[in-house]
Amino acid sequence: MDHDVLIIGGSFAGMSAAMQLARARKAVLVLDIGMPRNRFAVTSHGFPGQDGQSPADIKARLREELSAYPTVRFHDGAALSARREGSGFRVSLADGGEVTAWRIVLAYGVRDSLPDLPGLAERWGASVLHCPYCHGYELDRQPVGVLARDEKAFHQAMMLPDWGPTTLFTGMAFRPTAEQVQSLKSRGVQIEETPVAELIGTAPALEAVRLEDGRIIALAGLFLAPQTAPSSDIAAQLGCEMQDGPTGPYIAVDQTQAITVPGVFAAGDLASPMPNATVAAAAGVMAGSAAHRSLIFDPELISI
Ligand SMILES: Cc1cc2nc3c(=O)[nH]c(=O)nc-3n(C[C@H](O)[C@H](O)[C@H](O)COP(=O)(O)OP(=O)(O)OC[C@H]3O[C@@H](n4cnc5c(N)ncnc54)[C@H](O)[C@@H]3O)c2cc1C
């Protein structure tokens with residue numbers, strides 16, 4: 001095998017996994033196409049020691065730290081497919097090459113799909129947001145909205161008054177129960193049933209939304225739950241078990257980030273219902289150290 005461990009995806013989860021393996025002097029190859037999920041945001045918040053830095057700067061810093069370890073290599077390109085080969089794995093690359101390793105860590109994240117609404121896509125990550133902990137503080141207690149896709153919007157609308165006066169736009173997507181209406185009122189949330197027609201203001205900032213009946217409601221931020229899907233089908237090719245999450249499917253992992261396929265580990269948004277850079281990094285630490293332990297303690301995998 002060319003490498004001890006192959007890591008597919010070199011962002012928060014993948015580079016954290018690589019760091020554990022690098023410090024155990026394992027031969028690691030990190031494959032990455034440089035499109036982390038938070039690339040649309042100018043700043044990233046809440047990552048320890050890096051609050052308010054740009055996502056690109058944080059990633060560059062992580063990569064610089066890893067580059068100091070002689071057993072780590074990077075390949076800037078996509079993994080296309082993976083299959084078991086003897087007791088290891090063979091992965092095909094977009095440039096036509098192939099690489100092999102004894103273990104794999106899947107850390108290629110998810111991609112978001114957004115509602116098709118005029119003015120929405122160009123504000124994603126700036127004033128159209130999914131996570132109040134990540135970007136709610138910067139809205140400085142100005143009016144915010146929640147765009148419902150389904151009943152999960154209730155939960156988001158209950159949270160958001162801690163960041164600003166909140167309107168829940170239910171549109172056609174969701175009709176709150178009488179009990180939910182009561183709870184929303186107790187939090188001061190306005191409920192607006194008329195669908196949103198478009199977002200207005202100088203993008204990427206948001207000034208208001210225009211409703212289908214022509215009314216305009218001033219807002220500094222609009223929150224929604226995107227639909228998510230794995231960024232690659234490599235997990236499916238390997239036969240990984242998936243489970244349903246609040247925004248889409250994610251890989252089922254155990255407490256060590258091992259998956260149902262022996263020798264394969266998964267970490268980050270791809271394998272978690274909670275999208276957060278620090279959580280992804282912590283899972284990467286676990287996956288990297290579990291892959292290392294597996295090389296030592298699971299010799300039976302060698303004969304699979
Ligand atoms: C707009 C936005 C803003 C956010 N802001 C914050 C914030 O402020 N704070 C916070 O904690 N969280 C934030 N998040 C969540 C955060 O981005 C994710 O939790 C985090 O990026 C997950 O890390 P990851 O390593 O699992 O995946 P990602 O960071 O998405 O990285 C996956 C990597 O895999 C690569 N890749 C994909 N497919 C392949 C392939 N086939 N071959 C090789 N490489 C591949 C990608 O290019 C990418 O570099 C935000 C999310 C969004 C959408």
Side-chain angles (χ1 to χ4, degrees), residues 6-19 29-60 62-63 74-82 91-95 97 99 104-114 120-138 204 221-237 245 247 250-251 253 257 266-285 287-288:
L6 197 62
I7 299 179
I8 305 179
S11 181
F12 295 100
M15 286 203 273
S16 300
M19 180 58 91
L29 178 64
V30 181
L31 305 173
D32 188 47
I33 52 175
M35 291 172 64
R37 190 179 175 194
N38 63 350
R39 65 190 179 280
F40 301 96
V42 175
T43 51
S44 166
H45 292 279
F47 195 73
Q50 303 287 334
D51 187 46
Q53 301 299 309
S54 80
D57 285 353
I58 298 173
K59 243 187 110 170
L62 291 172
R63 190 155 166 162
F74 289 92
H75 174 84
D76 293 321
L80 289 187
S81 63
V91 171
S92 307
L93 308 179
D95 66 6
V99 286
I104 295 187
V105 176
L106 304 177
Y108 49 73
V110 298
R111 55 170 174 265
D112 295 295
S113 89
L114 302 173
L120 192 144
E122 56 266 40
R123 293 180 169 85
W124 177 235
S127 55
V128 173
L129 303 158
H130 76 301
C131 165
Y133 295 106
C134 300
H135 303 287
Y137 187 89
E138 283 62 43
L222 184 64
F223 287 79
L224 55 83
Q227 301 281 293
T228 56
S231 296
S232 159
D233 66 356
I234 287 174
Q237 294 170 22
T247 61
Y250 65 96
I251 299 177
V253 290
Q257 304 297 132
D269 285 8
L270 175 64
S272 165
M274 176 155 181
N276 176 280
T278 311
V279 173
V285 169

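One-based numbering, in listed order, for ligands and for the atoms of each.
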Region of [X] engaging ligand 1 - heavy atom pairs below 4.0 Å:
X: A277; result: both
X: D112; result: side chain
X: P55; result: neither
X: Y133; result: neither
X: K59; result: side chain

Quiz item: For the residue pair F12 and F47, does the interplanar ring angle fall in the parallel (under 30°), tilted (30 to 60°) or perpendicular (over 60°) class?
Solution: tilted
Practice problem: Evaluate side chain to side chain contact (heavy atoms under 4.5 Å, CB included) for D112 paired with W124, printing each intermediate quantity in order. | Solution: CA-CA 10 Å; D112 295 295; W124 177 235; 3.8 Å; yes
Does [X] have a heavy atom less than 4.0 Å from any atom of ligand 1?
X: C131; result: no
X: W124; result: yes
X: N276; result: yes

Could you find the nearest protein heavy atom to [atom] and give me its residue, atom name and distance?
atom: atom 49 (O) of ligand 1; value: D32 OD1, 2.7 Å
atom: atom 13 (C) of ligand 1; value: C134 SG, 3.5 Å
atom: atom 52 (C) of ligand 1; value: H130 CE1, 3.6 Å
atom: atom 17 (O) of ligand 1; value: N38 CB, 3.1 Å
atom: atom 36 (N) of ligand 1; value: I33 CG1, 3.6 Å
atom: atom 34 (O) of ligand 1; value: G9 CA, 3.2 Å
atom: atom 23 (O) of ligand 1; value: A280 CB, 3.6 Å
atom: atom 26 (O) of ligand 1; value: D269 N, 2.9 Å

Report, in ascending order of atom number, the atoms of ligand 1 lying under 4.0 Å from any heavy atom of [X].
X: G125; answer: 1 (C)
X: S44; answer: 7 (C), 8 (O), 9 (N)
X: P275; answer: 19 (O)
X: M35; answer: 46 (C), 47 (O), 48 (C), 49 (O)
X: L31; answer: 43 (C), 44 (N)
X: G268; answer: 26 (O)

Quiz item: Between L29 and V91, does a side chain to side chain contact (heavy atoms under 4.5 Å, CB included) hold up when you go through it step by step?
Solution: CA-CA 11 Å; L29 178 64; V91 171; over 6 Å; no
So, regarding [X] and ligand 1 (criterion: nitrogen or oxygen to nitrogen or oxygen, under 3.5 Å), is there a contact or not?
X: F12; value: yes
X: H45; value: yes
X: T43; value: no
X: S11; value: yes
X: T278; value: no

Within the side chain of [X], is there an N or O that forms a donor-acceptor pair under 3.5 Å with the backbone of [Y]?
X: S44; Y: Q53; result: no
X: Q227; Y: S113; result: no
X: N38; Y: A41; result: no
X: R63; Y: A60; result: no

Shortest non-hydrogen contact between [X] and [Y], atoms and distance:
X: V30; Y: G9; result: CG1-O, 4.3 Å
X: Y108; Y: P230; result: CE1-CB, 4.3 Å
X: L80; Y: D233; result: O-OD1, 4.3 Å
X: I251; Y: A235; result: CD1-CB, 3.6 Å
X: Y250; Y: D269; result: CB-O, 4.4 Å
X: P226; Y: R37; result: CG-NH2, 3.9 Å

Exercise. Determine, step by step, whether V110 and T247 satisfy the side chain to side chain contact (heavy atoms under 4.5 Å, CB included) criterion, reporting the C-alpha distance in whole Å, the side-chain angles of both residues, the deciding distance to 0.1 Å, and the verdict.
Key: CA-CA 10 Å; V110 298; T247 61; over 6 Å; no
Among [options], closest by any non-hydrogen atom to [atom]:
atom: atom 41 (N) of ligand 1; options: A79, G77, G46; value: A79
atom: atom 5 (N) of ligand 1; options: H135, R37, Q53; value: H135
atom: atom 24 (P) of ligand 1; options: P226, A13, A78; value: A13

Practice problem: Could you tell me the separation between the CD atom of E138 and the CG atom of L129, rounded to the nearest 0.5 Å? | Solution: 9.5 Å
Exercise. Mind checking salt bridge (Lys or Arg N to Asp or Glu O under 4.0 Å) for R123 and listing every partner two or more places apart, or none if nothing turns up?
Key: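 Partners of R123 by the salt bridge (Lys or Arg N to Asp or Glu O under 4.0 Å) criterion come out as none, since no residue qualifies.
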Exercise. Take R111 and M35, measure what side chain to side chain contact (heavy atoms under 4.5 Å, CB included) needs, and give me the verdict at the end.
Key: CA-CA 10 Å; R111 55 170 174 265; M35 291 172 64; over 6 Å; no
